Amino acid sequence: MSIDNFEIPVRLKQLITSNQAFHYRIVPFNEEGNQILFKTDSKNIDSLKKELSIILNQNIVLVPDSSENVQSYLTLNYRKAVTTHEKLHYEDNFLQKLISAAKDFDSSDIHMEPYEKHCRVRFRLDGKLKEMYTITLKEFPQLINQIKIQSGLDISQKRLAQDGRITFKNRAEEFDIRVSTMPTLYGEKIVLRLLNRDTQQVQLDDLGFTQKELELYREAIKKPQGIILISGPTGSGKTTTLYATLKELNKEVSNILTIEDPIEYTLEGVNQVQLREDIDFDFPAALRAFLRQDPDVIMVGEIRDEKTANMAIKAALTGHLVLSTIHTNSAWATISRLIDMNVPSFLLASTLTMSIAQRLVRKLCSHCKKEKTSETRDFPLGFDIPETIKKHYVAVGCNHCYQTGYLGRKAIYEILPITKELETTIRHNELEIDDYISTQHIKTLKNNAIRLVIEGHTSVEEVYPLLANN
């Protein structure tokens, strides 16, 4: 049954209230004899089952499902009692309610921003910020102090930016929150980043690779040594791709080490290390230590500088598989960036296995997207509109997508395996490969963006920057 067609029978739907559905993250979907079957993304099944059996006085069976699916089921079949732009008043458990609401909306970040007459609260939904609530200026300082105390920050320091961390317990789940404060004209702005501790639902098959791209990628990660680099801007899903990869490589026979800043997910069986630059434990220092730990796979959170790049090269040369990220605009631009970091081209040619570029695009809400005949003005200036785009879909907005027109996100990739021909090109610093990409039929980010528009998964507006990148 597809998510869009997932409809709860009326009798089952009435067993729980909307608040209970969102609070416990449960959705009834079937009954077998005297048992009621619920979908849930809870990690503590036994505890939740006992609690629900008492509250509902029913024989409960909980069926695990992904967080994305459960959120979609909840959104399609229940309505949140709270509405957007609601004015909230501070109370003892206000912070708890605010964070719980953010989790229910499947938000990645909470922004709390003071202005002249009020403070607004915005949630980042599917990569975009949306204003959800307002708080009075009188109540905001008390909230700031509560957050600072829980995250171990100095409540008396209001003139400098601070960073902290909160471990948040909510119902049957526990997760970490990264806290950042920054002084602004009207007071301190606070951003809470909600970090998932678990990656059990992250699978390579679900990320957005085409079948051919997935086959190429799996072939690359099976190699016992070399470097695989994923490029893209902040928030493009690089970390999720890396963790889905580690999950697939996580076998009893392998020793996997990671160095991260911060550790956003936890994965059983993987040795994860937190970067500590305050005591000079940076990426190069960690990599030097890793090489004495008999590793098979090394994951470096990000290649930021020459030292880290050259240590990663050394790790690959000595027989290890190295996974990392880098900030570039395309898969091939990664090579130029590494050469600019003074990585010798002959070493890069012999160690780089695959370069990948990645972006996240929002998916159109299937309940409200609207078909539109394609016109030249809908596309970037100079963009050659393919004949296959005679029509496309635009975002509208409805209750299912919180009036944004989009629901969920999908990754698109640009996969560039380093073949013998490209090895020679890198060795000789010949950085023009447009003809090679064309003859090898390599799908670029733009190609995959156009494909999603044609298939009706996303809008021209959402991928406009990629289409404009000629």
Side-chain angles (χ1 to χ4, degrees), residues 217 220-221 223-234 236-239 241-243 245-246 249 256-264 271-293 295-358 413-419 422-433:
Y217 186 61
I221 65 176
K223 296 181 179 179
Q225 63 187 65
I227 300 177
I228 297 174
L229 293 176
I230 303 177
S231 67
T234 301
S236 59
K238 301 186 297 296
T239 301
T241 300
L242 282 179
Y243 267 89
T245 306
L246 291 180
L249 295 172
I256 302 176
L257 297 168
T258 77
I259 175 68
E260 305 166 64
D261 183 30
I263 297 173
E264 296 199 14
N271 303 282
Q272 297 171 264
V273 178
Q274 171 68 48
L275 194 72
R276 290 289 304 276
E277 291 185 328
D278 57 323
I279 56 172
D280 295 326
F281 191 65
D282 53 10
F283 284 127
L287 280 169
R288 282 192 292 272
F290 281 6
L291 293 178
R292 296 190 289 270
Q293 286 283 318
D296 296 294
V297 180
I298 296 172
M299 193 270 270
V300 183
E302 182 184 347
I303 292 182
R304 299 174 178 172
D305 52 39
E306 180 181 338
K307 285 185 178 180
T308 307
N310 281 294
M311 281 302 301
I313 293 287
K314 181 180 178 181
L317 281 172
T318 52
H320 308 95
L321 177 62
V322 179
L323 309 172
S324 191
T325 69
I326 192 167
H327 286 284
T328 60
N329 291 326
S330 68
W332 185 246
T334 293
I335 284 80
S336 300
R337 177 63 56 83
L338 289 170
I339 291 174
D340 289 342
M341 289 180 180
N342 295 318
V343 174
S345 57
F346 71 94
L347 288 180
L348 184 58
S350 58
T351 54
L352 187 61
T353 302
M354 176 174 282
S355 181
I356 301 168
Q358 175 174 347
Y413 295 89
E414 182 177 294
I415 304 287
L416 186 65
I418 306 303
T419 60
L422 286 183
E423 279 187 34
T424 303
T425 300
I426 294 170
R427 286 179 191 275
H428 293 91
N429 286 327
E430 298 170 356
L431 301 181
E432 180 55 57
I433 63 163

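Sequential numbering from 1 along the given sequence is applied to the chain's residues. Computed from a predicted structure; not experimentally measured.
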Partners meeting side chain to side chain donor-acceptor pair (under 3.5 Å) with Arg276 (sequence neighbours left out)
Asp278
With sequence neighbours left out, the residues meeting side chain to side chain donor-acceptor pair (under 3.5 Å) with Gln358 are Thr241
Restricting to side-chain contact (heavy atoms from CB on, under 4.5 Å), what partner residues turn up for Asn310, sequence neighbours left out?
Glu306, Val343, Pro344
Mind checking what makes side-chain contact (heavy atoms from CB on, under 4.5 Å) contact with Ala357, not counting sequence neighbours?
Ser231, Ala331, Glu414, Leu445
Test of understanding: with side chain to side chain donor-acceptor pair (under 3.5 Å), list the residues that count as partners of Asp296, not counting sequence neighbours.
none
Could you pull out all residues at least two apart from Arg304 that satisfy salt bridge (charged side-chain N to carboxylate O under 4.0 Å, His left out)?
Asp261, Glu277, Glu302
Can you list the residues that meet the side-chain contact (heavy atoms from CB on, under 4.5 Å) rule with Val297, with sequence neighbours excluded?
Leu246, Leu249, Ile256, Leu321, Leu323
Between Lys238 (side chain) and Leu229 (backbone), is there a donor-acceptor pair under 3.5 Å?
no
Could you tell me which residues satisfy side chain to side chain donor-acceptor pair (under 3.5 Å) with Ser324, sequence neighbours excluded, listed by chain and number?
none
Applying side-chain contact (heavy atoms from CB on, under 4.5 Å), can you list everything that pairs with Ala333, at least two apart in sequence or on another chain?
Thr328, Ser330
Please list every donor-acceptor pair under 3.5 Å in which a side-chain atom of residues 423-431 meets a protein atom from a residue at least two apart or in another chain.
unit_1: Thr424; atom_1: OG1; unit_2: Lys420; atom_2: O; d: 3.2
unit_1: Thr425; atom_1: OG1; unit_2: Glu421; atom_2: O; d: 3.0
unit_1: His428; atom_1: ND1; unit_2: Thr424; atom_2: O; d: 2.8

Show me the side-chain donor-acceptor pairs of residues 347-354 shorter than 3.5 Å, one per line, residues at least two apart or across chains.
unit_1: Ser350; atom_1: OG; unit_2: Phe346; atom_2: O; d: 3.2
unit_1: Ser350; atom_1: OG; unit_2: Leu347; atom_2: O; d: 3.0
unit_1: Thr351; atom_1: OG1; unit_2: Leu347; atom_2: O; d: 2.8

Can you name the residues that form a ring-ring contact (aromatic ring centres under 6.0 Å, His included) with Tyr413, not counting sequence neighbours?
Phe209
